[in-house]
Amino acid sequence: MPKKKVAIYTATGCRSCETSILDIHYQVQRLNRMVDVVFWPYVLGSQLDDVDALDSIDVCFYAGAIRTETDRRMAEKLRDTSRHMVALGACAAFGGMPALANLSVTDSAPQEAIGEPTDPVAAPTPGEFEPHVKSLTQVVPADYVVPGCPPTQPLVWAAIQALVPEAGSDSHLAFAFSRLPKLVAEAMASGVLPPRGTIFGGDKAVCASCSRVKEEKRFKTVLRPYQKYEATGRCLLEQGLVCQGIATREGCGGLCTAEGIPCRGCFGKTEAVFDPGAKMVSAISSTFEPETPEEIQALTDQFIDLTGTFYRYAFPTQCALQRNRSIETQK
Ligand code: SF4
Ligand code: SF4
Ligand code: SF4
């Protein structure tokens with residue numbers, strides 16, 4: 001059977017999603033048996049125009065947000081050429097941190113804000129910026145999503161195994177059946193592709209896989225992670241650390257919370273949550289310790305940068321107000 005052709009690309013992003021592919025370590029031999037990587041600028045030095053010579057790609061892993069005309073052109077070209085398009089990481093799936101630029105850029109091109117480029121070769125021309133940063137999924141249809149910032153190595157490897165026809169090893173299947181949706185694990189076991197639209201993450205919230213003990217949720221004060229290292233195993237949120245595990249899709253196994261770091265929501269919201277920011281405001285405010293209006297006001301004043309906190313990874317796609325706006329923009 002011929003090897004599957006794979007393309008890997010990062011648009012506007014930090015390339016750590018691609019690095020998570022490199023993190024497969026010893027699995028690289030199996031990967032080499034399974035696929036031919038035909039386009040990968042970061043590692044193979046492929047030129048962007050090389051994509052025009054590719055007539056078919058089986059699986060494209062596209063990381064990064066759509067910020068420039070080049071990002072959009074590559075997304076459209078790779079979508080046209082690929083049987084399966086995978087949004088790899090929070091930027092491609094939800095907009096990611098680059099999309100927080102939408103907070104300050106509205107109708108004018110960002111170039112007006114940062115000035116003309118002094119070196120027209122090294123810097124993009126003004127026309128190359130899109131008016132708003134978008135996720136890949138807002139620009140072209142994506143068949144699968146691998147969430148995370150960056151996605152964890154086991155998730156990336158699970159996605160590769162599920163999308164190319166080689167059954168996973170026993171250890172990887174054990175991981176998949178314990179952490180991923182049943183359909184994904186079954187795909188890895190059988191070689192049958194998971195249904196289009198599959199998100200390579202869990203169905204529940206991070207809280208479900210967090211080992212921390214929930215006692216009495218009384219929110220007294222807002223703490224930053226550096227202000228309190230929590231080693232006792234008690235729920236971080238009820239101690240004042242803004243942990244978004246309640247609203248965030250599981251799949252990482254509570255990677256951050258296990259180390260005393262609050263979840264920042266990089267897997268995006270769960271299906272059951274309509275708007276992650278609203279969910280967090282509701283969850284936190286319902287457990288406020290202060291009771292008088294003055295005390296409540298003093299506590300709410302401690303929350304700074306609400307948008308950057310609650311929509312850090314998914315501002316254009318999961319904030320209800322932005323979702324409506326992007327639908328209007330597309331009309
Ligand atoms: S999702 Fe995170 S790791 Fe991946 S490109 Fe975006 S910022 Fe980087
Ligand atoms: S809120 Fe955070 S620390 Fe508390 S149980 Fe949920 S994920 Fe764990
Ligand atoms: S705990 Fe939250 S922020 Fe950390 S990897 Fe998991 S989903 Fe991402």
Side-chain angles (χ1 to χ4, degrees), residues 8-23 42 61-67 71 86-101 133-137 145-156 179 199-202 204-219 223 225 228 230-270 273 276 279-280 283-284 286-287 309-315 317-318:
I8 301 166
Y9 182 71
T10 292
T12 294
C14 72
R15 293 199 182 280
S16 291
C17 284
E18 292 182 280
T19 305
S20 68
I21 295 178
L22 295 174
D23 278 347
Y42 182 41
F61 290 93
Y62 194 106
I66 307 299
R67 174 53 149 162
D71 296 341
V86 182
L88 179 67
C91 292
F94 318 124
M97 285 186 275
L100 290 175
V133 184
K134 291 184 175 173
S135 66
L136 172 75
T137 54
V145 167
V146 183
C149 180
T152 60
Q153 183 272 340
L155 272 190
V156 171
R179 189 77 60 77
I199 297 175
F200 285 78
K204 297 179 183 162
V206 171
C207 287
S209 55
C210 173
S211 57
R212 291 188 169 270
V213 179
K214 301 166 193 74
E215 297 174 2
E216 189 194 7
K217 282 198 172 65
R218 299 305 304 169
F219 205 99
L223 293 173
K228 184 173 180 69
E230 171 50 52
T232 63
R234 199 174 148 217
C235 171
L236 300 169
L237 185 64
E238 63 186 28
Q239 298 177 73
L241 291 149
V242 182
C243 179
Q244 295 191 69
I246 290 172
T248 303
R249 183 184 294 277
E250 68 167 344
C252 66
L255 210 55
C256 302
T257 58
E259 300 299 326
I261 310 282
C263 172
R264 289 146 297 150
C266 79
F267 271 52
K269 71 179 186 67
T270 64
V273 169
K279 172 75 176 174
M280 287 305 300
I284 293 173
S286 66
T287 61
T309 301
F310 295 138
Y311 303 102
R312 181 175 300 165
Y313 300 100
F315 184 47
T317 52
Q318 296 187 351

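Every number for a ligand or one of its atoms is a count from 1 in the order of the listing.
The shortest distance between side-chain heavy atoms of C91 and C149 does not fall below 4.5 Å. Residues Y62 and D71 are in side-chain contact: their nearest non-hydrogen atoms beyond the backbone lie under 4.5 Å apart. The shortest distance between side-chain heavy atoms of F267 and I199 does not fall below 4.5 Å.
The backbone N or O of T257 lies less than 3.5 Å from a partner atom in the side chain of R212, making a donor-acceptor pair. In terms of modelled atom types and a separation under 3.5 Å, the side chain of T12 and the main chain of G64 share no donor-acceptor contact. In this structure a side-chain-to-backbone donor-acceptor pair under 3.5 Å is missing from R67 to V133. Listed for the E238 side chain is a donor-acceptor partner under 3.5 Å among the backbone atoms of E215. Listed for the K269 side chain is a donor-acceptor partner under 3.5 Å among the backbone atoms of V273. Put simply, the side chain of Q239 gets close to the backbone of C235: a donor and an acceptor are under 3.5 Å apart. With hydrogens and angles disregarded, a donor-acceptor distance shorter than 3.5 Å links the side chain of Q244 to the backbone of T309.
Distance check, rounded to the nearest 0.5 Å: SG of C266 to CZ of R312 gives 10.0 Å. Summarising the geometry, atom CZ belonging to R15 is positioned 11.0 Å from atom CG belonging to L22; distances are rounded to the nearest 0.5 Å.
Per-residue contacts place R264 under 4.0 angstrom from the following atoms of ligand 3 (heavy atoms of the residue considered): 2 (Fe), 3 (S). Heavy-atom proximity to C252, at under 4.0 Å, picks out these atoms of ligand 3: 1 (S), 5 (S), 6 (Fe), 7 (S). Within ligand 3, counting atoms from 1 as listed, the ones closer than 4.0 Å to a heavy atom of C256 are 1 (S), 3 (S), 4 (Fe), 5 (S). Atom numbering of ligand 1 starts at 1 in the shown order; those under 4.0 Å from a heavy atom of P150 are 3 (S). Every atom of ligand 3 is numbered from 1 in the order shown, and the set under 4.0 Å from a heavy atom of T248 is 7 (S). Taking every non-hydrogen atom of S16 and a distance limit under 4.0 Å, the qualifying atoms of ligand 1 come out as 3 (S). Applying the 4.0 Å criterion to heavy atoms of C17 picks out, from ligand 1, the atoms 1 (S), 3 (S), 4 (Fe), 5 (S). Counting the atoms of ligand 3 from 1 in the order shown, those under 4.0 Å from a heavy atom of C263 are 1 (S), 2 (Fe), 3 (S), 7 (S). Within ligand 2, the atoms closer than 4.0 Å to a non-hydrogen atom of G245 are 7 (S), numbered from 1 in the order shown. Those atoms of ligand 2 with a heavy atom of R212 less than 4.0 angstrom away are 3 (S).
Nearest-heavy-atom check against atom 7 (S) of ligand 1 across G13, G96, C91, C266 picks out C91.
Heavy atoms of G148 stay at 4.0 angstrom or farther from ligand 3.
Atom 4 (Fe) of ligand 2 has as its closest protein heavy atom C235 SG, 2.4 Å. Nearest to atom 2 (Fe) of ligand 2 among the protein's heavy atoms is C243 SG, 2.3 Å. The protein heavy-atom contact nearest to atom 3 (S) of ligand 2 is L236 N, 3.2 Å. Residue, atom and distance of the protein heavy atom nearest to atom 8 (Fe) of ligand 2 are C210 SG, 2.4 Å. Summary of contacts: the protein heavy atom closest to atom 5 (S) of ligand 2 is K214 CE, 3.3 Å.
In C207, the parts holding a heavy atom less than 4.0 Å from any atom of ligand 2 are both the side chain and the backbone. Neither the backbone nor the side chain of A63 comes within 4.0 Å of ligand 1, counting heavy atoms alone. With a 4.0 Å heavy-atom cut-off, ligand 2 is reached by no atom of E238.
Here C14 reaches atom 8 (Fe) of ligand 1: one of its N/O/S atoms is less than 2.8 Å from the metal.
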Check against side-chain contact (heavy atoms from CB on, under 4.5 Å), I21 and L88: CA-CA 10 Å; I21 295 178; L88 179 67; 3.8 Å; yes

